[in-house]
Amino acid sequence: DYIYYNSFANANLENANFKNAGLIYTNFHLANLRNADLSGADLRSAFLSNADLSNANLEGANLEGAKLDNTTLTDANLNCINHPICNN
């Protein structure tokens, strides 16, 4: 699934399943993404500033150019790619 240029700003997406989703340029500003499955997602240039990604699964997610200013990443799986926060 590809969800380009959409906005989920301020949305409660706790436990959401975005596994392998195409989320290029998607706006998640201030969104609650706690426990979300973003594994394998294409988050290139996504706007995740001030979002809560606590316990989120970012395994294999492409975060190239993603904005993560003030994003909460407590206990998130950071085995993602193409961003300084990633363990790979």
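No experiment lies behind these values; they were computed from the predicted model shown.
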If the condition is ring pair (Phe, Tyr, Trp, His ring centres under 6.0 Å), which residues does His83 pass it with, not counting sequence neighbours? none

Which is it for Asn70 and Ser49 under the side chain to side chain contact (heavy atoms under 4.5 Å, CB included) test, yes or no, and what are the steps along the way? CA-CA 6 Å; Asn70 300 313; Ser49 296; over 6 Å; no

Residues forming a side chain to side chain contact (heavy atoms under 4.5 Å, CB included) with [X], sequence neighbours excluded:
X: Asp75; value: Asn55
X: Ser45; value: Tyr25
X: Asn87; value: Leu78, Asn79
X: Ala56; value: Leu53

Going by disulfide bond (SG atoms under 2.5 Å apart), name the pairs with one or both residues in residues 12-88, residues two or more places apart or in two chains. Cys80-Cys86

Residues pairing under disulfide bond (SG atoms under 2.5 Å apart) where one sits in residues 8-60, two or more places apart or in two chains, turn out to be none

List the residues meeting side-chain hydrogen bond (donor to acceptor under 3.5 Å, both in side chains) with [X], not counting sequence neighbours, and say none if there are none.
X: Asn10; answer: none
X: Asn50; answer: none
X: Asn15; answer: none

With sequence neighbours excluded, give me every salt bridge (Lys or Arg N to Asp or Glu O under 4.0 Å) pair touching residues 21-41. Glu14-Arg34, Arg34-Asp52

Nearest non-hydrogen partners of [X] and [Y], listed with the distance:
X: Ala41; Y: Leu23; result: CB-CD1, 4.3 Å
X: Leu13; Y: Ala36; result: O-CB, 4.2 Å
X: Leu48; Y: Thr71; result: O-OG1, 2.6 Å
X: Ala66; Y: Leu43; result: CB-O, 3.7 Å

Gap between atom CG of Asn77 and atom CG of Leu58 - 0.5 Å precision: 7.0 Å

Determine which pairs satisfy ring pair (Phe, Tyr, Trp, His ring centres under 6.0 Å) with at least one residue from residues 43-75, sequence neighbours left out, and list them in order. His29-Phe47

Is it the case that one hydrophobic cluster holds both Leu73 and Leu30, taking links as side-chain heavy atoms less than 4.5 Å apart, direct or via other members? no

Same cluster or not: are Leu38 and Ile85 linked, directly or through other Ile, Leu, Val, Met, Phe, Trp or Tyr residues, by side-chain heavy atoms under 4.5 angstrom apart? yes

Does the side chain of Thr26 reach to within under 4.5 Å of the side chain of Tyr5, using non-hydrogen atoms? no

Salt bridge (charged side-chain N to carboxylate O under 4.0 Å, His left out) between Lys67 and Asp69, intermediate numbers included: CA-CA 6 Å; Lys67 307 296 183 236; Asp69 303 320; over 6 Å; no

